[in-house]
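First listed ligand is number 1; within each ligand, the first listed atom is number 1. Note that the structure is predicted; figures quoted are calculated from it, not measured. What you see below is based on every heavy atom in this structure, not just the backbone, and it leaves out hydrogens, waters and symmetry mates.
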Amino acid sequence: MRPISARILEIVPETPTVRTLRFDHSLDPVPGQYLMVWVRGVDEVPMSISYRDGITVQLVGEATREIFDLEVGESLGLRGPLGNGFTLSGEKILLIGGGVGAAPLALLGEAAAEEGVEVSTLLGSRCCDEILFRERFERIGELVMTTDDGSQGICGRASAGLPALHLQEFDQIYLCGPEPMMADIIGRCPGMETKIQASIDRYFKCGMGICGSCCLDPSGIRVCIEGPVFRADQLVGTEFGRYKRGASGLKIERR
Ligand SMILES: Cc1cc2nc3c(=O)[nH]c(=O)nc-3n(C[C@H](O)[C@H](O)[C@H](O)COP(=O)(O)OP(=O)(O)OC[C@H]3O[C@@H](n4cnc5c(N)ncnc54)[C@H](O)[C@@H]3O)c2cc1C
């Protein structure tokens, strides 16, 4: 698939470390799908689709710095939508997002609400300044917030918000965020693995299933093609929650 050149129509600062870019192209995604974003002269990096015509980027390194330096009217190369996306099912669903992991969940929640599905959200953030898409989630249903420092909502990690929700009532639970958070939540929901879908993050080079850098041990399943969304029971017994591989293929242990 060739990249399209997408012009930036709007840049929205969301938090001190996160901004949204809206493009002159509608991407027509299944929520949970991603784009390979070609930052000319620097790198091509995976980004979830957060609006039908947009991405939401957290500043972490070289490529994201370059994206932050772009202005309205400039352009990026976009390849996608890629990957499988979330499967929407049931009448009452729970979204659990951590940090910039809220990006694909907001699009999913809006699509679900449009279809008459009852949506609740548990949103974990480092502090009140880093809460992403609060208004988008409030608009579609109940929102429970946690912050690591207690500056908004319940004090603690996202799992500290679980007692405020009746997990058994939900037909489906959707996760996206830091892997320790997702592994922790799956571990707290024994017997519910087939009702949980998680979007997971691995090092992507090609985004077309060739290079193998995003494969999960031991099966070799490719996160860029068969994922990035997996049912939790598909992740049991894999490297998920224990380690991932960096750019060179070396293991990076989870701490
Ligand atoms: C399917 C998928 C969807 C994604 N969706 C989004 C999204 O919607 N928004 C978004 O902001 N990011 C998203 N990411 C992560 C994003 O691809 C990386 O943050 C990006 O590639 C980093 O590139 P960089 O060159 O700026 O950082 P690098 O220069 O490669 O890394 C700089 C430093 O940041 C660290 N780092 C790299 N990636 C991450 C990370 N994900 N979290 C924390 N630290 C990191 C590195 O270990 C390194 O220390 C997604 C990843 C995947 C696989």
Side-chain angles (χ1 to χ4, degrees), residues 11-23 27 29-70 76 78-86 95 97-108 124-126 130 132-133 136 174-182 197-209 211-216 221-230 235 239-240 243-255:
I11 297 173
V12 184
E14 306 282 4
T15 79
T17 65
V18 177
R19 62 182 55 167
T20 292
L21 279 65
R22 308 288 292 262
F23 301 112
L27 303 160
V30 173
Q33 285 190 300
Y34 69 95
L35 300 168
M36 288 302 287
V37 177
W38 176 29
V39 190
R40 293 184 181 88
V42 181
D43 202 353
E44 198 186 23
V45 291
M47 288 289 158
S48 300
I49 302 171
S50 59
Y51 288 91
R52 298 204 169 279
D53 60 357
I55 57 172
T56 298
V57 180
Q58 180 162 47
L59 175 58
V60 294
E62 201 187 352
T64 48
R65 168 82 270 159
E66 203 69 21
I67 293 173
F68 263 58
D69 287 344
L70 293 171
L76 284 165
L78 304 180
R79 205 153 50 85
L82 301 172
N84 60 351
F86 294 107
L95 315 175
V100 77
L105 295 179
L107 188 64
L108 173 69
S125 313
R126 283 209 308 272
E130 288 293 342
L132 182 61
F133 295 146
R136 286 180 83 183
Y174 299 89
L175 307 180
C176 189
E179 196 157 312
M181 176 206 98
M182 295 196 285
Q197 298 176 41
S199 174
I200 75 170
D201 179 356
R202 282 294 176 277
Y203 196 92
F204 286 11
K205 287 183 186 166
C206 68
M208 56 176 83
C211 74
S213 67
C214 67
C215 289
L216 287 189
I221 195 165
R222 297 162 302 179
V223 176
C224 71
I225 297 285
E226 283 84 33
V229 177
F230 295 95
L235 298 171
E239 67 182 49
F240 175 80
Y243 64 87
K244 65 176 185 177
R245 290 179 191 275
S248 68
L250 283 177
K251 285 183 186 176
I252 304 168
E253 303 288 339
R254 298 282 180 203
R255 284 184 296 273

Which is closest to [atom] in terms of heavy atoms, [options]?
atom                    : options            : value
atom 15 (C) of ligand 1 : V229, D201, V223   : D201
atom 12 (N) of ligand 1 : E179, M47, M36     : M47
atom 26 (O) of ligand 1 : T64, V60, V42, L59 : T64

Can you check [atom]: any protein non-hydrogen atom closer than 4.0 Å?
atom                    : answer
atom 8 (O) of ligand 1  : yes
atom 30 (O) of ligand 1 : no
atom 47 (O) of ligand 1 : no
atom 52 (C) of ligand 1 : yes

Please say whether [X] places an N or O atom under 3.5 Å from an N or O atom belonging to ligand 1.
X    : answer
V100 : no
Y203 : no
A63  : yes

Between [X] (side chain) and [Y] (backbone), is there a donor-acceptor pair under 3.5 Å?
X    : Y    : value
R202 : L216 : no
D53  : R22  : no
S213 : Y203 : yes
S48  : S50  : no

Next on the checklist: Give me the residue, atom name and distance of the protein heavy atom closest to atom 50 (C) of ligand 1.
Outcome noted: P46 O, 3.4 Å
Item to check | Residues forming a ring pair (Phe, Tyr, Trp, His ring centres under 6.0 Å) with Y51, sequence neighbours excluded | outcome: F133
Checklist entry - Listed by chain and number, what are the ring pair (Phe, Tyr, Trp, His ring centres under 6.0 Å) partners of Y174, not counting sequence neighbours? => result F86
Checklist entry - Is there a side chain to side chain donor-acceptor pair (under 3.5 Å) between S125 and E130 once you walk through the steps? => result CA-CA 6 Å; S125 313; E130 288 293 342; over 6 Å; no
Give the atoms of ligand 1, by number and element, whose distance to some non-hydrogen atom of [X] is under 4.0 Å.
X    : value
R202 : 53 (C)
G61  : 24 (P), 26 (O), 27 (O), 29 (O), 32 (C)
V45  : 21 (O), 23 (O)
S48  : 3 (C), 4 (C), 5 (N), 6 (C), 7 (C), 8 (O)
Q58  : 10 (C), 11 (O)
V57  : 11 (O)

Next on the checklist: Can you confirm whether R126 is buried at CZ, in the sense that more than 12 heavy atoms of other residues, nucleotides or ligands lie under 6.0 Å from that atom?
Outcome noted: no
Item to check | NZ-CZ distance between K251 and R245, expressed to the nearest 0.5 angstrom | outcome: 5.5 Å
Next on the checklist: For the CG atom of L76 and the CH2 atom of W38, what is their distance to the nearest 0.5 Å?
Outcome noted: 10.5 Å
Checklist entry - Are F240 and F230 close enough that their ring centres sit under 6.0 Å apart? => result no
